[in-house]
Structure formats: C-alpha cells, structure tokens
Amino acid sequence: MNKTIVNKILITLGFLLAYRVLAYVPVPGVDTGVIKAFFDNNAANALGLFNMFSGNAVERLSIISLGIMPYITASIIMELLAATFPELAKMKKERDGMQKYMQIVRYATVVITLIQAIGVSVGLRSLGNGPNGAILIDLNLFIAISAFSMLCGTMMLMWIGEQITQRGIGNGISLIIFAGIVSGIPSAIAGTFNLVNTKEINWLVLLFVFAIIIVTVLCIIFVELGERRVPVSYSRKVVMQNQDKRIMNYIPIKLNLSGVIPPIFASALLMFPSTILQASSNQTIMKIADYLNPNGYLYNFLMFLLVIFFAYFYASIVFNAKDISENLKRQGGFIPGIRPGEGTATFLNEVASNLTFWGALYLALISTLPWILVKAMDVPFYFGGTAVLIVVQVAVDTMRKIEAQIYMNKYKTLSAVGL
C-alpha cells in the first residue's frame with residue numbers, strides 16, 4: 001500500500017483515538033456515579049439512543065456528551081434554509097460563499113450547543129438525593145463551567161471531523177458517529193450474553209436476533225452497491241481527441257442517493273426534543289417524552305416518515321440533473337434517444353426520482369423494521385437498524401475511498417514511469 005494512503009489512514013485513526021479519549025474526560029463538579037445509574041435505568045429510551053451515538057460519553061457526562069449532534073442539527077437548519085432562500089443556495093455553490101456558509105453553520109452550532117448544555121446542566125438537579133441532585137458544586141458556577149466545557153468539546157469534535165475529511169480518509173462527521181457506535185459493541189455483546197445467562201432471553205431468540213442483524217447487513221451492502229448506469233455516447237471528434245484518456249461511457253446513479261444522512265438527520269431531530277423533555281419533572285412533559293421513546297411505536301412511525309422526507313430532500317440537493325446535462329453537453333456527450341440540454345435534465349430527474357422512491361423506502365424500512373421484529377419477540381434491549389445502517393454504510397464508503405486512493409496512485413505511477 002502506498003505511503004500516502006497509510007499516512008492518511010494513520011491520521012484518521014489518530015483523530016478517532018483522540019475522540020475516544022475525550023469521551024472519558026468528565027465535566028467538573030458532577031457526581032458521575034449518579035448519572036451512570038440513571039442511564040442504566042434509561043437504556044431503552046431516547047437518552048439510551050443518544051448515549052449510544054455519543055459512544056457512552058453521555059453516561060459519563062463527558063465534555064463531548066452532546067457529541068456531534070448540535071453540528072448536524074445546525075446543518076439540517078441551514079440545508080432547509082438554503083432550499084427555501086435562493087441567495088443562500090447561491091452562496092453555497094460559490095467557493096468563497098461556501099466558506100461563509102460553513103461559518104454560519106459553526107455559529108449556529110455554538111448557539112444550539114449552549115442551549116442544550118444549559119438544559120442538561122439544569123436537568124441534573126433532578127437526579128440524586130441531594131438538594132442539587134448530581135451537582136456537587138454551586139449551581140450557577142456549575143452551569144457556567146459545564147456549558148463552557150461542553151461547548152469546547154463539541155467544537156473540538158467538529159474540528160476533528162473537518163481534519164479527518166481534509167487530511168484523512170472518509171467523511172469525518174460520519175466516522176465520528178461510526179466510532180461512537182462501534183465503541184459500544186463489546187459491552188453490548190457482553191450484556192446480551194449476560195441476559196442469556198440470567199435466562200431473560202433464550203438461545204433461540206438470540207440466534208433469531210443475530211440472523212436479523214446479518215440479513216440487515218447483507219441488505220444494506222447489496223443496496224449500497226446498487227446503481228443505475230445511464231449510457232452515454234460521445235461524438236467521434238471528442239473520442240479521437242481523448243484516445244489516451246479514459247472516457248466514462250455511463251452516468252452512475254446510486255439507488256440510495258442520499259446515503260446515511262436521512263437516518264442521522266431524523267435521529268437528530270427526534271432526539272433533540274426528547275433530550276430537552278427528559279430534563280423536566282412535569283408529568284405532562286414526561287408523558288410526551290415517553291411517547292418519543294425509541295422503544296415506542298410513535299417514535300418509529302415518526303422516524304419512518306422523517307427518513308423518507310430527508311431522503312427526498314437530500315437527494316434533490318446532491319443530485320443536480322441540470323448541471324450534469326450542461327456538463328455532458330459541453331463535453332460533446334449525449335444519452336442515446338434523449339435530446340441534449342433540457343431533455344437530458346428531465347430524463348435524469350425522472351430516473352433519480354424513481355430510484356429515490358425505492359431508496360427512501362429502503363432507508364425507512366431498515367431504520368424501523370429490525371426494531372419491530374425485535375419488539376414482537378419481546379427482547380429486553382433496544383436494537384434499531386439506524387445504528388447498523390450507519391456502521392455498514394460508513395464502512396463501505398470508507399473502503400470505497402481507500403480503493404479510489406489506491407487506484408489514483410497507480411494511475412499516477414503509470415503516467416510517471418510509463419508502461
């Protein structure tokens with residue numbers, strides 16, 4: 001393997017290691033034992049799911065307890081605004097404008113992080129038996145310290161994600177979520193076998209759950225590798241001018257155009273109100289929080305709808321048929337039987353819409369169906385397809401990018417030394 005690729009992989013692993021170290025740095029002035037006991041009793045609700053995405057950093061009240069979710073929430077808001085306001089969408093397409101756009105996302109992340117951090121800090125008063133609950137120091141001082149600590153932690157995670165994307169391999173934000181989920185797998189396996197030993201579930205149920213996981217993984221891999229290849233022809237002049245270059249004679253359109261973003265966006269939107277509501281002691285608010293439990297039907301129904309919405313929404317952003325048709329026309333290419341320009345754009349939009357329908361349905365089913373099957377068997381732990389989807393999809397995407405880097409280096413070597 002090329003030295004450059006090895007260095008990029010090592011840089012990625014180094015940043016992910018730094019992320020895992022930060023997960024063990026607690027916010028000063030809090031009783032972590034009380035919080036750990038609280039999360040042990042809430043492993044099957046929104047807090048348990050949020051804890052899983054953060055790599056168990058929440059149950060330790062680490063400085064990165066809020067994880068990367070505030071950044072994702074800010075990105076969702078900005079994407080929705082960009083789709084609504086043409087000036088913001090234009091800013092996003094320009095190089096200098098994109099820097100301003102990302103700066104706005106960062107500022108929005110700061111605001112969302114502070115709101116969530118203050119909400120969590122105030123909510124800690126209701127934990128434990130003391131007058132200030134799990135807080136060991138003065139309340140006002142603790143709110144200031146915890147808000148600043150969590151803000152620094154989230155901004156550090158955002159920086160780590162950007163560094164991985166720029167200097168490492170793969171998408172930094174996705175890899176951070178991936179590392180958080182994967183870090184909890186060993187303890188989840190140990191807990192599952194403990195349930196078998198205590199007779200809470202039997203071996204047949206465990207084997208069936210394992211079979212569901214395997215089938216889910218295989219379905220994800222099969223769909224993620226699936227694509228529609230739209231044939232493209234080039235004029236003879238273009239082919240003669242590019243005899244020594246490889247001309248792609250098809251346009252690959254993935255079945256799942258939106259990738260792993262819809263489940264992440266949907267989870268972030270559903271977990272944000274759940275996290276805030278869990279901090280209240282009001283009976284009505286607590287009932288609403290119970291309805292938004294990831295182990296409940298309402299949560300999974302909303303998850304199904306939101307995943308479909310974000311799949312269509314994000315696919316319309318990442319796949320621009322008009323730009324593709326214009327680039328194709330400029331390069332002297334055309335789709336056989338389709339008129340160049342507007343006709344090509346319309347045809348590509350139809351193809352993308354048909355694929356997005358099935359891709360959105362696939363994402364929604366993967367995000368909810370495994371939970372439904374496990375719920376029907378009355379298994380006493382949470383298992384959702386969202387986590388499996390994120391892990392498998394990020395792994396496949398990272399492997400593709402490593403392969404692309406290897407092939408790119410091979411082409412550079414051949415062009416330098418010749419055949």
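Residues passing the salt bridge (Lys or Arg N to Asp or Glu O under 4.0 Å) test with Glu326, sequence neighbours excluded: none.
For Leu306 against Ala266, the heavy-atom pair with the smallest separation is CB-CB, 3.8 Å. Contact between Arg167 and Ile11 at its shortest, heavy atoms only, is O-CD1, 3.9 Å.
Around the CE atom of Met98, the shell of radius 6.0 Å holds more than 12 heavy atoms that belong to other residues, nucleotides or ligands.
Taking OH from Tyr101 and OG from Ser75, the interatomic distance works out to 7.0 Å, rounded to the nearest 0.5 Å. Residue Ile402 holds its CD1 atom at 10.0 Å from CG of Asp397, rounded to the nearest 0.5 Å. Annotation: the span from Met150 atom CE to Thr154 atom OG1 amounts to 8.5 Å, rounded to 0.5 Å. The distance from atom CD1 of Ile335 to atom OH of Tyr250, rounded to the nearest 0.5 Å, is 14.5 Å. Put simply, CG on Leu328 and CG on Asp323 are 12.0 Å apart, with the number rounded to the nearest 0.5 Å. We find the OG-CG distance between Ser149 and Leu66 to be 11.0 Å, quoted to the nearest 0.5 Å.
Between Phe313 and Phe310, the ring planes are perpendicular. Angles over 60° get that label, and only those under 30° would be called parallel.
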For a salt bridge (charged side-chain N to carboxylate O under 4.0 Å, His left out) check, start with the C-alpha distance between Arg106 and Glu162, then their side-chain angles and the critical distance, and finish with the verdict.
CA-CA 12 Å; Arg106 294 187 187 101; Glu162 291 176 352; 3.0 Å; yes
Test log, rule salt bridge (charged side-chain N to carboxylate O under 4.0 Å, His left out), inputs Arg229 and Glu227:
CA-CA 6 Å; Arg229 295 184 174 183; Glu227 62 184 21; 2.9 Å; yes
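For the pairing with Met155, the side-chain contact (heavy atoms from CB on, under 4.5 Å) check across Ile64, Ile160, Val110 returns one residue only, Val110.
Within the 4.5 Å cutoff, the side chain of Ile177 has heavy atoms near those of the Ile72 side chain. Side chains of Leu157 and Tyr19 form a contact here, defined as non-hydrogen atoms less than 4.5 Å apart. In this structure, the side chains of Asn256 and Trp358 stay at 4.5 Å or more apart for every pair of heavy atoms. A heavy-atom distance below 4.5 Å is found between the side chains of Met78 and Leu88.
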Under 3.5 Å, sequence neighbours excluded: what are the donor-acceptor pairs made by side chains of residues 339-346?
from, atom 1, to, atom 2, distance (Å)
Thr344, OG1, Arg339, O, 2.9
Thr346, OG1, Glu342, O, 2.9

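Ring-centre distance between Tyr71 and Trp159: not below the 6.0 Å cut-off.
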